[in-house]
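Only this structure's heavy atoms are used, side chains among them; waters, hydrogens and symmetry mates stay out.
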Amino acid sequence: MKVPLSRLAWALALVGVVAALVATLGFVAATLPTRVPYWGEAEVLFEASRLRHHLPLWIDPYAGAEEYGAPPSRFYVTYPPLWTWVVSLVPSRAATTFARGACTLAWLGTLAGLAATAKREVRREAALAAAFVGGTWVLANFATTGRPDAIACALAAVALTRITRRGGADLLSIALLVLVPWVKPTVIGLPAGALLGACLVDRARAPRTLAAAIGLAVASAALAHVASGGAIFAHVVRSNAQPLSLGVWLEQVPSRLPFFAPLLGWAAWVGWRDRRAASARIGLAALVGAVLWTLFALAKTGSASNYWMEPAVAAVSLIARSKAGPVRVGGANVAHAVAALACVAWAGVASVRGALEHARSYRDDAAFVSALRARAGVEGGAVVAADEAGIELALNGRILAPTYQMAHLARRGAYPAATWIADLTSPATRAFVEHTGQLRLVPEVQRALEAHYVVAFEERGFRVWTPKRAGAP
């Protein structure tokens, strides 16, 4: 019996989505207990350890936190500490597993929840969109670490679902949207777009909606300011406000946009097609806000693929709340089926390959780092500095100075390079691990490193430096 071309194309597309999802879930299972803490994740785990041990969180990096001995830890708090506080409630031995497990469940649970609660007539389409996003490795790579991105996206999805179901914003949904940036400050496009959409849909209630949002935002900001002793905004801005760069944008957007453009385009078309419905207009506004903000924010130095999580959630939510249309999973339209297959094949192959390769490389990296102290001859309470916070946390149980933060501050004179050099060349610092190469952004610090240390060995993209012997050139 001859199989229709449309049915064959849809079957292959579904196989591709499932293959990417299985590979990505396998990556998560393989790396969740072993991978070296990621940037952003390492800061959360370290800051949570300070809260757990009743140590001050909002320190002065110039003076440093001296509870650990020399050299002191110098850092700015990376995110508003709501998620950090939750992680601090878990015993230290289980904190990493808990943070990663909770974020993984939040991410996958959000996608599954959007699909499961979709309108009956579009449930297959919503399930396909959710599975596609869940199987996208470049998203899961960040979403399944202990960073707060997945938690923020989950809160945003709950609020957006509530608003689109009601056709307008109530106090709870407004509060959730205001809360989202306090979990992860870069997730603001979806909340802003959803609030704007709700105001445009119900203009009579718009003043009250805006007043409630502004009031909650101001009250929460005042509370955070007081609770942090006036330090929170300076810390979060200094730790995250790296410069914008066209080069960074060109590195991030053209390489990633092809993965997400079909999904985002489909969702936008659905929202525009159904624009007479209040839910569609709100969902479309949320999607547009998320996409525009992401495209802008990806110019920031240090931005990464996790920024696409926000518009991906907005897209799945919009598809899940749409009406049935001509694009039907398993339908007879050959053009739709072939287009879906082409999009899935492009992204699916990359996700399967990324998941398999990084499952191995992250495992091997973790094994290398765990053996590094012994190989470098670092004993006792001596510390190992690194240009990656996760390596410092894994080797010392604390972060010395997050290079991602300090390099750009030092470059513009907002942090003293001399203090950093003194810590890197302290007698208590017995090795330095170069992995990201970010220290080279601050030439005077790099020169001091090269003058004090010699390369002991290189492996797997890691370069391990140890102090020169007395009298060595």
Side-chain angles (χ1 to χ4, degrees), residues 109-134 152-180 187-213 216 260 262-294 308-329 331:
T110 295
L111 297 173
L114 290 173
T117 58
K119 291 183 177 179
R120 185 180 299 275
E121 60 268 28
V122 293
R123 195 158 292 170
R124 286 186 298 178
E125 289 70 36
L128 178 66
F132 174 84
V133 173
C153 285
L155 291 172
V158 170
L160 182 58
T161 299
R162 183 178 179 87
I163 289 178
T164 52
R165 279 183 166 180
R166 296 171 60 90
D170 63 346
L171 187 58
L172 177 58
S173 58
I174 295 171
L176 288 173
L177 292 173
V178 170
L179 178 63
V180 167
V187 184
I188 59 177
L190 189 160
L195 286 171
L196 177 61
C199 290
L200 293 175
V201 164
D202 191 348
R203 300 192 179 190
R205 292 177 57 86
R208 282 179 287 178
T209 299
L210 288 176
L216 288 170
F260 304 106
L263 173 69
L264 300 177
W266 179 20
W269 174 77
V270 163
W272 180 253
R273 183 200 66 195
D274 297 344
R275 62 189 180 277
R276 292 183 179 276
S279 60
R281 294 203 299 275
I282 295 172
L284 184 59
L287 176 66
V288 171
V291 170
L292 291 178
W293 170 249
T294 296
W308 291 104
M309 293 169 61
E310 183 181 2
V313 166
V316 175
S317 176
L318 186 54
I319 292 169
R321 305 310 306 164
S322 68
K323 299 176 182 178
V327 179
R328 307 294 294 169
V329 174

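- Listed here is the closest heavy atom pair of Ala127 and Ala115: CA-CB, 3.8 Å.
- Applying the salt bridge (Lys or Arg N to Asp or Glu O under 4.0 Å) test to residues at least two apart or on different chains, the pairs with a partner in residues 193-205 are Asp202-Arg205.
- Between Ala314 and Leu190, the closest heavy-atom pair is CB-CD1, 3.8 Å.
- With sequence neighbours excluded, no residue forms a ring pair (Phe, Tyr, Trp, His ring centres under 6.0 Å) with Phe132.
- The nearest pair of heavy atoms linking Ala152 to Val187 is CB-CG2, 4.1 Å.
- Residues Lys323 and Ser279 fail the side-chain proximity criterion, which asks for heavy atoms closer than 4.5 Å.
- The structure places OG of Ser173 at 12.5 Å from CG of Leu155, a figure rounded to the nearest 0.5 Å.
- In this structure, the side chains of Pro311 and Leu264 come closer than 4.5 Å at one or more pairs of heavy atoms.
- Annotation: the span from Thr294 atom OG1 to Met309 atom CE amounts to 11.0 Å, rounded to 0.5 Å.
- Put simply, CG on Leu318 and CH2 on Trp266 are 10.5 Å apart, with the number rounded to the nearest 0.5 Å.
- Taking Arg166 as the reference, Asp170 meet the salt bridge (charged side-chain N to carboxylate O under 4.0 Å, His left out) condition, with sequence neighbours excluded.
- Taking all atoms of both residues into account, the shortest heavy-atom contact from Ala175 to Leu216 is CA-CD1, 3.7 Å.
- Between atom CG of residue Leu210 and atom CD1 of residue Ile174 there is a gap of 8.5 Å, rounded to the nearest 0.5 Å.
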Using the side-chain contact (heavy atoms from CB on, under 4.5 Å) rule, take Leu263 and Ile319 through it: C-alpha gap first, then chi angles, then the decisive distance, then the call.
-> CA-CA 10 Å; Leu263 173 69; Ile319 292 169; 3.9 Å; yes
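- For the atom pair SG (Cys153) and CG (Leu111), the distance works out to 9.0 Å, reported to the nearest 0.5 Å.
- One N or O on the side chain of Thr161 and one on the backbone of Ala157 form a donor-acceptor pair closer than 3.5 Å.
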Should Thr117 and Arg165 be marked as a side-chain contact (heavy atoms from CB on, under 4.5 Å) after you check the CA-CA gap, both sets of side-chain angles, and the distance that decides it?
-> CA-CA 11 Å; Thr117 58; Arg165 279 183 166 180; 3.3 Å; yes
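- The salt bridge (Lys or Arg N to Asp or Glu O under 4.0 Å) pairs that include a residue from residues 271-285 number zero, where partners must be two or more places apart or lie in different chains.
- The shortest heavy-atom contact between Ile282 and Ala194 is CG2-O, 4.0 Å.
- In this structure the side chain of Ile163 reaches within 4.5 angstrom of the side chain of Leu177, judged on heavy atoms.
- Listed by chain and residue number, Phe296 satisfy the ring pair (Phe, Tyr, Trp, His ring centres under 6.0 Å) test with Trp293 (two or more places apart in sequence, or in another chain).
- Closest heavy-atom contact between Leu160 and Ala286: CD1-CB, 3.8 Å.
- With sequence neighbours excluded, the residues that form a salt bridge (charged side-chain N to carboxylate O under 4.0 Å, His left out) with Arg328 are Glu125.
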